[in-house]
S.K.: 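Have a look at this one.
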Amino acid sequence: MSLFRKVALAVAALAVLVLTGCSDQAYNMREGVTEISKEVYSLHMIVIWVCVVIGVLTFGAMFYSMFAHRKSKNPNPAKFSHSTTVEIIWTVIPFIILIALAVPAVKLLIKMEDSSNPDMTVMVKGWQWKWEYKYIDGDNDPSNDVSFFSNLDDASRQQALNAGKYFSGTKIEDENYLLEVDNPLVIPAGQKVRFLVTAEDVIHSFWVPDFSVKKDAIPGFINEVWTKVDEPGIYRGVCAELCGKDHGFMPIVVKVLEQAEYDAWLAEQVEAAKSGPDLNERTMAQLMTEGEAAYNKYCAACHMPNGQGNGPFPSLIGTEVVTGEGSVGKHIDIVLNGVPGTAMQAFGAQLTEAEIAAIITYERNAWGNDTGDKVQPQDIYDMKNGGGE
Amino acid sequence: MADHKPKGISRWLFTTNHKDIGTMYLVFSFIMFLIGGAMAMVIRAELFQPGLQFVEPNFFNQMTTLHGLIMVFGAVMPATVGLANWLIPMMIGAPDMALPRMNNWSFWILPAAFILLLSSLFMEGGAPNFGWTFYAPLSTTYGPPSTDFFIFGVHLMGISSIMGAINVIVTVFNMRAPGMTLMKMPLFVWTWLITAFLLVMVMPVLAGAVTMMLTDRHFGTSFFDAAGGGDPVMFQHIFWFFGHPEVYIMILPAFGIASAIIPTFSRKKLFGYSSMVYATASIAFLSFIVWAHHMFTVGMPVKGELFFMVATMLIAVPTGVKVFNWIATMWQGSITYETPMLYAIAFVILFTIGGFSGVMLALTPVDWQYHDTYFVVAHFHYVLFPGAIFGTMAAVYYWMPKWTGRMYDEKLAKVHFWLSIVFVNLTFFPMHFSGLAGMQRRVPDYNIMFSDFNMWSSIGAFGLGLTQFLFLWILIKTCWLKKGEKATDQVWEGAEGLEFTHLPSPAPYHSFDTPPKVD
Amino acid sequence: MSEQTNTEYEKYYVPEQSKLPFIGSVGLFLTAFGAGHMVQGGSLSWVLWIGLAVLVYMLSTWWAATIRESMSGLYSAQMSRSFRQGMMWFITSEVMFFAAFFGALFYVRILVMEWLGGSSNNAATHEFLWPEFIPNWPMEKTPGGETTTGMGAWGLPAINTAILLFSSFTLTIAHHALIEKNRATLIQFTAITAALGVIFMGLQIWEYIHAYTEMGLTLGSGIYGSTFFMLTGFHGLHVTVGTIFLIILTIRCAKGHFTPQDHFAYEAGAWYWHFVDVVWVFLFIFVYIL
Ligand code: HEA
Ligand code: HEA
Ligand code: CUA
Ligand SMILES: [Cu+2]
């Protein structure tokens, strides 16, 4: 009967798929690089094999019956319709299997959730659609805390937009497409690092598969999660909770450095943070080029590269705020402080004075806005430090 | 009362007849299935290869959201309500549903709700784009204006479901023919009774959740805002208190269908009837205490995570009982493989595969790696498409001859089956791999390491979509063009149950004016 | 091939076609559509009122139709049982609706307050995000820094509790009177119950005005205000519906619609009222006292 051959073939194909899936890394969960992630991986493999075995037995019995008890072979059906013994057996056995699975899972989970006694702490904050990392020193002097934002790199952004409109596009070949950022999170090897995960606006989720770390970033709450990575290297992850339009475009890159390199890196960051902003005067042309780049990086996600906005995100062309008479102050205010309760976030702390000045100049002169207004970093600095309201 | 049917459009608009209402539910659900499926096609087209090529990310999210909502609330749930309407009165020997006018009201609220929901696509700011789970604050503070219409749409769906469920419960408790004791009822009636109970318990909670969203959006409350002392995670607790029982609402009727079809074509009584009933009830009970397995990464206290992990794993036990009972029913039967049986068998196997991935997801530490990846998408499509949808298709093939008096085209139906089963696996099996390899859900674009899996999924999805037009054609041919041989009254050799033993094919407009006697 | 008639069993009345359900759906659609525009302050808000009007028309016509059918003896005992069970399950669904809000209240009070105050696995939440927040209930200050107050239990709310408990009592007297065919008592006590409902609502509105104008306790007063007004507000809505129900029942009693054997509508109204009452007791304990 060809029917059975078909079924058998389909099952065989499926089984092959499953089995290759279990042996080949590219098909399977990553083993990762931490003690925890390796344990997670082995628990994953155990439960897969448990399922495969139960599946083989269950489906095996079923296929045997389908084959041996079809009407042409077995014209007279049996009459039984229950058996308390078997029913008890197949209630109890799965129960025991499940308990056996639950025991290691409970132990592992308790270990994973124990973020006590860390060697260092990094606050991880999700924003629409970038990550902010703040190194918390513990010395109660915020000026020693390093913090920076981590955005999707420009190369991925360009490729996403330019690539393959069907049939005509260029093929994407970049191995780290959508998994590269401008400023990676840097942590030292061999240290227990505690992450304090939270969010500014909506829920995000901080996921680095190689560490087996995934924790939701909830606005208004801080979740803790930890890792200890022994091998230096670059590890990539993504935001794993739908957080709006560019949810797919907020990767996480973690650079694990040897302790000495890490210390050097940190010292450099602290230094840079203390050196104060660059408030040099710029020419219009400079402002426009810098502005265009920064606009495309930070603003175009919502207001679109052509400034026309999109859905809930308003257009910036010819509007009261952008081109209105004497609206520069208002414009700067919105960009610095955002519009509370909307997706328009406060950029004051995220961008440098120079960037904000350039962006505002760009917005006021691009896309036919042509106001001729020129905003200098010093203006922004003044406004930020009490010049405004 | 003869077999008179009112004529014209008013027959459908104003009807109080359970069969007409059942038909409307089924037709409505099929239309929604096509619309929701068309949205899946958009999703799969965008994901065919890496890069943004087809739709914008925001529109992609709208498609994902509406696809999930429409499939769950528009396709699967109305389909099972349609089956309940057609079958329950016939199966228990009742003249109609207990509350016929309310029955019609339940149905006609649905088009209203979905017009509201779908019209949001054309609104300023676009349709809801926060996933079918609409987590706050993405759906409250950051939701598009159309969110309000979505909220009221959900209220309407809730009203419709609750009224439908009350009707089923009352019909089952109060309209059984003499002699039809509870433990003699066909299992489909049992599973629907329990489904209806779940609906009455959880739909109001969903209504509460969207009401809180509404007041958070417009009336200054802070249920989901920490600054006011609320908690965004509280939304998820309330939503999943509804959401998890909801997934069993979608699958229990399919369990009932399998329990009707497998004995028929095995020509053998259902194995372990009473354990089936108890298993169903246990699943329903457990479904109320496992909801937070969707929230293992939100940062619950460890004790909570452990509790929900263990409770979730327990569901595998009663579900296993059901699967084993079906196999024992086939055991030493005298099996033939008409289309309904093929679907029922595929249902058992593929649902079980989906159940296995469910148990994997239930293990909290590992769920940290699976959560919000395509592994979850693979899991729930296995329990939903080859689960709930195959169940419904099995039911349609199985009872269509009884409804219309004509056999469907068996050859075409087999083609439909084989194409569906190949494509369903081609579509959803690779998603396990892309998920494990690290592809997160709800993204319009991905890294090139996931390219191959996605290409296969997309090819499978297009095939699966096209295949469903064959189903449409089979339905049109049988129901509308009235082609196909006449069905006998018993329809299937091994069929039992009042609808096959006590009613002609097609079943008369009013089934049992006076109750049959059951012994 | 229908079975032979068996006179032991009743014939179930299946109503003929009816336009009402469809009209009701149109009404619901317009209501939802209008409400959507209303909350957004859109120019199509007026559709809401049309929708509600259609709904009121439809519900009253439907109700009238069932009264007519009931009075003309179309309803068998089995039908009454259907209605009764339907009503029970409807009330169950209402209970679950309130459960969502009570659940929110408990979750916030027992867990979220403590977490924001730094307990369990949320020490960092308190330290970094809401260092000023003091977790007490009723909150004095929201984490965001707005001051609020709680509503005391022993003024109006206690009086209201007494009123509602008393109304359950009067309703029971009326119900007994119905069964004992004591018409005068029936009408009087049903009317008194309805009147108590009206008084309750009056006091409740007074309390709201007091909260808004003098205490500064509003829907926007953090989660305390949210749960307080949503719970008492939805309860108030149900009292209103229940009172209307009771008023109609009073009229029907006066017209002599009910017999000791057959008075489903009266029972439904009574159940509904008791349900509203029980919800209030929970409210009084969990919202006001504790
Ligand atoms: C019909 C719908 C349906 C059904 C029936 C199920 C059934 C189950 N589901 Fe699933 N689930 C969904 C629909 C469904 N699910 C959806 C839609 C989501 C995603 C929602 C979203 O986020 O959008 C989801 C997500 C989901 C998650 C969250 C994943 C995450 O987001 O991280 C989890 C975690 O525990 C889970 C678990 C389970 C379990 C344990 C079962 C069990 O009931 C399965 C039991 C069955 C079996 C186990 C097979 C048969 C049993 C045997 C043969 C016995 C022997 C077996 C063993 C001993 C293992 N499901
Ligand atoms: C019962 C429920 C159900 C069903 C049947 C399906 C069916 C399908 N789903 Fe499902 N899906 C969900 C429920 C369901 N889905 C849910 C709940 C989600 C989660 C949403 C969320 O994340 O919020 C989801 C998410 C989801 C995703 C993830 C999206 C993301 O994370 O971004 C994907 C991706 O491939 C997908 C694909 C498909 C495909 C290819 C089908 C196919 O089986 C569909 C087959 C197609 C047809 C049957 C239609 C045929 C019609 C045509 C070919 C066009 C005809 C056109 C007209 C008539 C106008 N779905
Ligand atoms: Cu941030 Cu998804
Ligand atoms: Cu679940």
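Here the structure is a predicted model, which is why all the values come from computation and not from measurement. In what follows, chains carry the letters A, B, and so on, assigned in the order in which the sequence lines appear, proteins first and then strands, with residues in each chain numbered from 1.
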S.K.: On the 0 to 90° scale, with breaks at 30° and 60°, tag the C:F33-B:F149 ring pair as parallel, tilted or perpendicular.
M.R.: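 Tilted.
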S.K.: Any chance OH of C:Y57 has more than 12 other-residue heavy atoms, nucleotides or ligands included, within less than 6.0 Å?
M.R.: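 Incorrect, the count does not exceed 12.
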S.K.: Below 4.5 Å, heavy atoms only, C-beta onward: do C:V39 and B:R217 meet side chain to side chain?
M.R.: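 No. Closest side-chain heavy atoms not under 4.5 Å.
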S.K.: Heavy-atom distance under 4.5 Å to chain C: side chain of B:M163, backbone, both or neither?
M.R.: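 B:M163 has no heavy atom closer than 4.5 Å to chain C.
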S.K.: Report which part of C:S120 has an atom under 4.5 Å of a heavy atom belonging to chain B: side chain, backbone, both, or neither.
M.R.: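 For C:S120, the side chain is the part near chain B, not the backbone.
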S.K.: Taking the side chain as everything from C-beta on, heavy atoms only, tell me whether B:F242 gets closer than 4.5 Å to C:M96.
M.R.: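 A side-chain contact under 4.5 Å is absent here.
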S.K.: Would you check if C:W115 and B:D231 make a side-chain contact, meaning some heavy-atom pair closer than 4.5 Å?
M.R.: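 Yes, their side chains come closer than 4.5 Å.
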S.K.: Restricting to non-hydrogen atoms, name the atom on B:I238 and the atom on C:A104 that form the minimum distance, rounded to 0.1 Å.
M.R.: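 Answer, listing the atom of B:I238 first, then C:A104: CD1-CB, 4.4 Å.
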S.K.: Could you check whether atom CE of C:M38 has more than 12 heavy atoms from other residues, nucleotides or ligands sitting under 6.0 Å from it?
M.R.: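 Count over threshold, so yes.
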S.K.: Does any N or O in the side chain of C:N121 come within less than 3.5 Å of the main-chain N or O of B:V302, such that one atom is a donor and the other an acceptor?
M.R.: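 A pair under 3.5 Å: no.
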S.K.: Considering only heavy atoms from C-beta outward, does the side chain of B:V200 approach that of C:F90 to under 4.5 Å?
M.R.: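 No, every pair of side-chain atoms sits at 4.5 Å or beyond.
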S.K.: Under a 4.5 Å cutoff for heavy-atom pairs, which residue among C:G220, C:P21, C:S221, C:G42 has the most contacts with chain B?
M.R.: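 Highest number of pairs under 4.5 Å: C:P21.
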S.K.: Only heavy atoms, only distances under 4.5 angstrom. Which residues in residues 134-142 of chain C are near chain B?
M.R.: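 Within residues 134-142 of chain C, the residues that come under 4.5 Å of chain B (heavy atoms only) are C:M139, C:T142.
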S.K.: For the CZ atom on C:F282, are there more than 12 heavy atoms of other groups (residues, nucleotides or ligands in this structure) within a distance under 6.0 Å?
M.R.: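 Count not over threshold, so no.
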S.K.: Which atom pair, heavy atoms only, marks the closest approach of B:G230 to C:V112?
M.R.: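 Result for this residue pair: O-CG1, 3.6 Å.
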S.K.: Under a 4.5 Å heavy-atom cut-off, does chain B meet the side chain of C:A99, its backbone, both or neither?
M.R.: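 Answer is neither: C:A99 stays 4.5 Å or more from chain B.
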S.K.: So which heavy atom on B:W108 is nearest to which on C:S25, and how close?
M.R.: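 For B:W108 versus C:S25, the nearest heavy atoms are CB-OG, 3.1 Å.
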S.K.: Report which part of B:F107 has an atom under 4.5 Å of a heavy atom belonging to chain C: side chain, backbone, both, or neither.
M.R.: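 Contact with chain C involves no heavy atom of B:F107 at all.
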S.K.: Identify the heavy atoms of C:T66 and B:R101 that sit nearest to each other, and give their distance.
M.R.: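 Shortest heavy-atom separation between C:T66 and B:R101 comes out as CG2-NH2, 3.9 Å.
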S.K.: Heavy-atom distances under 4.5 Å only: say whether C:L219 touches chain B with side chain, backbone, both or neither.
M.R.: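 Both parts, backbone and side chain.
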S.K.: In a check of side-chain contact (heavy atoms from CB on, under 4.5 Å) between B:W105 and each of C:I23, C:L28, C:L20, which one passes?
M.R.: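 Going through C:I23, C:L28, C:L20 one by one, the side-chain contact (heavy atoms from CB on, under 4.5 Å) with B:W105 is satisfied by C:L28 alone.
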S.K.: Please check: side-chain N/O of C:S226 versus main-chain N/O of B:S222, any donor-acceptor pairing under 3.5 Å?
M.R.: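 Yes: the side chain of C:S226 pairs with the backbone of B:S222.
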S.K.: Taking every non-hydrogen pair under 4.5 Å, which of C:Y224, C:W62, C:F234 racks up the most with chain B?
M.R.: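 Most heavy-atom pairs within the cutoff with chain B belong to C:W62.
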S.K.: Quick check against the 3.5 Å criterion: does C:Q17 have a side-chain atom that pairs as donor or acceptor with the backbone of B:S10?
M.R.: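 Yes.
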S.K.: Can you say whether C:M58 sits under 4.5 Å from chain B via the side chain, the backbone, both, or neither, judging by heavy atoms?
M.R.: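 Answer is side chain: those atoms of C:M58 sit under 4.5 Å from chain B.
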S.K.: Is it the side chain or the backbone of B:F150 that comes within 4.5 Å of chain C heavy atoms, both, or neither?
M.R.: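 For B:F150, no heavy atom lies under 4.5 Å from chain C.
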S.K.: Between chain C and each of B:D216, B:L13, B:T147, B:T15, count heavy-atom pairs under 4.5 Å; write down the option with the most.
M.R.: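 The candidate making the most pairs under 4.5 Å is B:L13.
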S.K.: For the candidates B:M102, B:M212, B:H155, which exhibits the highest count of non-hydrogen atom pairs separated by less than 4.5 Å from chain C?
M.R.: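 Heavy-atom pair counts peak at B:M212.
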S.K.: If you define the side chain from C-beta out and look only at heavy atoms, does anything of C:Y107 sit under 4.5 Å from B:V233?
M.R.: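 Sidechains of B:V233 and C:Y107: in contact.
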S.K.: Determine whether C:F229 and B:T215 make a side-chain contact, defined as any pair of heavy atoms from C-beta on separated by less than 4.5 Å.
M.R.: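 They are not in contact (no side-chain heavy atoms under 4.5 Å apart), so the answer is no.
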S.K.: Answer yes or no: is there a donor N or O on one side and an acceptor on the other, between the side chain of C:Q40 and the main chain of B:P145, under 3.5 Å?
M.R.: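 Here the side-chain-to-backbone pair exists.
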S.K.: Could you pull out the closest heavy-atom pair between B:A226 and C:W130, with the gap in Å?
M.R.: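 Closest approach of B:A226 to C:W130, heavy atoms only: CB-CZ2, 3.8 Å.
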S.K.: What part of B:L116 gets closer than 4.5 Å to chain C, counting heavy atoms only: side chain, backbone, both or neither?
M.R.: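 Both the backbone and the side chain of B:L116 come within 4.5 Å of chain C.
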S.K.: Could you have a look at C:M88, C:E94, C:H37 and say which one has the most heavy-atom pairs with chain B under 4.5 angstrom?
M.R.: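 Of the options given, most contacts go to C:H37.
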S.K.: Measuring heavy-atom distances to chain C, does B:H237 have an atom under 4.5 Å in its side chain, in its backbone, in both, or in neither?
M.R.: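 The side chain, not the backbone.
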S.K.: Heavy-atom distances under 4.5 Å only: say whether B:I162 touches chain C with side chain, backbone, both or neither.
M.R.: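 For B:I162, the contact with chain C is made by the side chain alone.
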S.K.: Identify the heavy atoms of B:G229 and C:M113 that sit nearest to each other, and give their distance.
M.R.: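 Looks like O-CE, 3.5 Å.
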S.K.: Top residue by heavy-atom pair count (under 4.5 Å) with chain B, among C:P143, C:G222, C:G144?
M.R.: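 Heavy-atom pair counts peak at C:P143.
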S.K.: Examine distances only and state if a side-chain atom of B:N104 and a backbone atom of C:F22 form a donor-acceptor pair shorter than 3.5 Å.
M.R.: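 No; zero donor-acceptor contacts below 3.5 Å.
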S.K.: So how far is it from B:N167 CG to C:S82 OG, rounded to the nearest 0.5 Å?
M.R.: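 Spacing of CG (B:N167) from OG (C:S82) equals 8.5 Å.
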S.K.: Just so I understand: if I count every heavy-atom pair under 4.5 Å between each of B:I159, B:V202, B:T211, B:T171 and chain C, which residue has the most?
M.R.: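 Highest number of pairs under 4.5 Å: B:T211.
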S.K.: Using a 4.5 Å cut-off on heavy atoms from C-beta on, say whether the side chain of C:F83 contacts that of B:V170.
M.R.: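 Not touching, per the 4.5 Å side-chain cut-off.
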S.K.: Under a 4.5 Å cutoff for heavy-atom pairs, which residue among B:F223, B:F197, B:F173 has the most contacts with chain C?
M.R.: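 Most heavy-atom pairs under 4.5 Å with chain C: B:F223.
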S.K.: A side-chain contact here means heavy atoms from C-beta on lying under 4.5 Å apart; do B:I169 and C:Q85 qualify?
M.R.: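 No. Closest side-chain heavy atoms not under 4.5 Å.
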S.K.: CZ of C:F97 to CE of B:M203: how many Å apart, nearest 0.5 Å?
M.R.: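 Output value for this atom pair is 12.5 Å.
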S.K.: Kindly say whether B:G228 contributes a backbone atom to a donor-acceptor pair with the side chain of C:E146 at under 3.5 angstrom?
M.R.: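 Such a contact is absent between C:E146 side chain and B:G228 backbone.
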